[in-house]
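Here's the structure we're looking at; comments come further down.
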Amino acid sequence: MTTHTVDPTRELAAFLRTRRERLDPHEVGLPERRQGRRTPGLRREEVAELAGISIDYLVRLEQARPLRPSADVVEALSRALRLAPDERTYLYDLTQQRPRVPAKPPTTAAPPLARLVADLSPLPAMLMNHRFDILAWNPAMAGLLIDFDALPPQQRNAMWLCLIHPEIREYYVDRERVAREGIAHLRAAWAAHPEDQVLNELITECITHNELFATLWAERDITTNGRGHKVVRHPEAGEIAVHFEVLMPLQNPDQRLMICRAADDASQAAMDRLPAR
């Protein structure tokens with residue numbers, strides 16, 4: 001039995017050919033030709049024109065020549081070939097390029113994830129995007145933190161609540177550590193989404209109005225943590241210690257699912273006393 005390793009150059013060539021051949025010219029707005037097509041899909045010159053690259057370069061890619069397309073070329077081919085998100089990521093992996101993030105970050109929860117957040121009750125759970133906008137939450141999370149429905153949409157941001165909201169900012173027993181971890185995540189998101197004007201405005205507001213944020217932001221710590229431990233002082237239930245886990249769904253990698261659970265029996269008893277909101 002012989003095991004063959006995958007040759008990325010040959011796989012790239014085959015991938016480009018198969019994706020080109022599956023495209024219907026009508027789907028990309030090409031006019032009908034009087035002469036029939038002898039092969040399925042688009043011609044190489046049509047893909048090259050859509051991608052804004054030379055025909056010769058595309059031919060060499062499909063011939064498995066040892067080329068390494070730039071990120072701009074990969075992105076152009078992704079658009080020209082109408083690649084789905086997972087296909088686009090695969091193309092970037094084959095060419096050893098880092099995929100660019102979507103131009104418009106999600107501002108609403110993906111419906112399956114919103115249902116999952118609701119189904120996770122009685123565990124407190126919420127869904128956020130990369131800039132910590134809270135997109136969905138369940139009653140248990142609202143009971144643990146705040147009635148999110150009562151907040152203006154622009155204030156439904158976990159970082160803003162932790163640092164600036166007059167009540168929530170005093171919830172955390174170890175507020176500096178919580179802020180430090182959140183700011184590290186925010187800095188990583190800022191580097192990955194330099195075009196996100198809303199994120200830039202959030203960072204500017206936090207630097208301007210919160211001395212702790214300004215100090216920690218200047219340290220440039222980018223150590224992120226997807227699980228941890230927090231202790232909050234709840235005004236009605238008392239001190240509650242929770243373990244949390246942050247998960248990134250495969251289909252929606254720009255959304256983050258946070259799930260909390262009580263860290264001890266006393267905290268569980270306190271959480272059982274939380275009012276449902």
Side-chain angles (χ1 to χ4, degrees), residues 5-33 37 39-108 110 128-133 184-204 220 222 224 248-256:
T5 57
V6 176
D7 182 342
T9 303
R10 292 185 178 278
E11 175 60 22
L12 172 63
F15 185 70
L16 291 175
R17 285 196 304 271
T18 57
R19 293 309 180 267
R20 173 172 61 81
E21 291 170 356
R22 77 175 184 180
L23 276 179
D24 185 333
H26 299 290
E27 294 179 1
V28 296
L30 292 176
E32 293 186 13
R33 295 177 180 264
R37 295 175 179 265
T39 57
L42 301 186
R43 296 183 172 92
R44 289 192 182 99
E45 58 266 29
E46 292 169 334
V47 172
E49 182 178 355
L50 289 170
I53 62 176
S54 71
I55 300 174
D56 179 63
Y57 190 77
L58 181 59
V59 168
R60 286 185 288 158
L61 285 175
E62 291 194 0
Q63 290 176 341
R65 300 288 184 87
L67 304 173
R68 186 182 178 186
S70 67
D72 288 335
V73 170
V74 175
E75 185 64 25
L77 286 170
S78 298
R79 292 195 301 267
L81 295 171
R82 304 299 194 265
L83 297 185
D86 52 348
E87 293 174 324
R88 174 176 176 268
T89 299
Y90 185 65
L91 181 60
Y92 270 96
D93 287 341
L94 286 176
T95 55
Q96 300 180 24
Q97 298 284 1
R98 179 183 176 88
R100 297 177 183 175
V101 296
K104 294 183 179 180
T107 55
T108 58
M128 300 174 286
N129 61 14
H130 68 270
R131 60 182 176 235
F132 287 87
D133 292 334
H185 280 277
L186 203 64
R187 178 172 281 281
W190 174 70
H193 300 260
E195 77 296 331
D196 188 344
Q197 186 59 35
V198 176
L199 176 59
N200 279 281
E201 291 171 359
L202 171 65
I203 293 169
T204 300
R220 290 176 168 77
I222 55 170
T224 58
M248 296 176 63
L250 195 60
Q251 287 293 105
N252 303 94
D254 204 43
Q255 300 191 16
R256 289 138 175 80

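This one's a predicted model, so the numbers in the text were calculated from it and none came from an experiment. Heavy-atom basis, side chains included; hydrogens, waters and symmetry copies ignored.
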Approximate separation, where rounding is to 0.5 Å, of [X] [atom1] and [Y] [atom2]:
X: Asp133; Y: Leu199; atom1: CG; atom2: CG; answer: 9.0 Å
X: Arg17; Y: Leu61; atom1: CZ; atom2: CG; answer: 11.0 Å
X: Arg19; Y: Leu77; atom1: CZ; atom2: CG; answer: 13.5 Å
X: Leu67; Y: Leu58; atom1: CG; atom2: CG; answer: 11.0 Å
X: Arg88; Y: Asp93; atom1: CZ; atom2: CG; answer: 11.0 Å
X: Thr18; Y: Leu81; atom1: OG1; atom2: CG; answer: 9.0 Å

Self-check item: CA sep, side-chain torsions, deciding dist, call: Leu83, Phe15, side chain to side chain contact (heavy atoms under 4.5 Å, CB included)
Solution: CA-CA 11 Å; Leu83 297 185; Phe15 185 70; 4.2 Å; yes
If you draw a 6.0 Å radius around CD in Gln197, do more than 12 non-hydrogen atoms from other residues or ligands fall strictly inside? yes
(Q) Looking at Arg10, I want to see if its CZ is surrounded by more than 12 non-hydrogen atoms of other residues, nucleotides or ligands under 6.0 Å. (A)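 Counting other residues, nucleotides and ligands, CZ of Arg10 stays at 12 neighbours or fewer.
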Considering non-hydrogen atoms only, spot the tightest contact between [X] and [Y] and give its length.
X: Thr107; Y: Arg131; value: CG2-NH2, 3.7 Å
X: Arg68; Y: Gln96; value: NH2-O, 2.6 Å
X: Leu50; Y: Ala80; value: CB-CB, 3.8 Å
X: Ser78; Y: Tyr92; value: OG-CE1, 4.3 Å
X: Pro253; Y: Met248; value: O-CE, 3.0 Å
X: Thr9; Y: Ala64; value: CG2-O, 3.2 Å

Practice problem: Test Val73 against Tyr57 for side chain to side chain contact (heavy atoms under 4.5 Å, CB included), laying out the working first. | Solution: CA-CA 10 Å; Val73 170; Tyr57 190 77; 4.1 Å; yes
Starting from the C-alpha separation in whole Å, work towards a yes-or-no answer on side chain to side chain contact (heavy atoms under 4.5 Å, CB included) for His185 and His130. CA-CA 8 Å; His185 280 277; His130 68 270; over 6 Å; no
- Got a donor-acceptor contact below 3.5 angstrom from the Arg22 side chain to the Arg20 backbone?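 Side chain of Arg22 to backbone of Arg20, a donor-acceptor pair under 3.5 Å: no, none is there.
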Is it the case that the side chain of Gln97 and the backbone of Pro69 share a donor-acceptor pair, with hydrogens and angles ignored and the cut-off at 3.5 Å? yes
For Asp196 and Trp190, which I'm curious about, is there any donor-acceptor pair between the side chains at under 3.5 Å? no
Review point. Is there a side-chain contact between Val47 and Leu16 (heavy atoms, below 4.5 Å)?
Key: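 Contact flag for Val47/Leu16 side chains = no.
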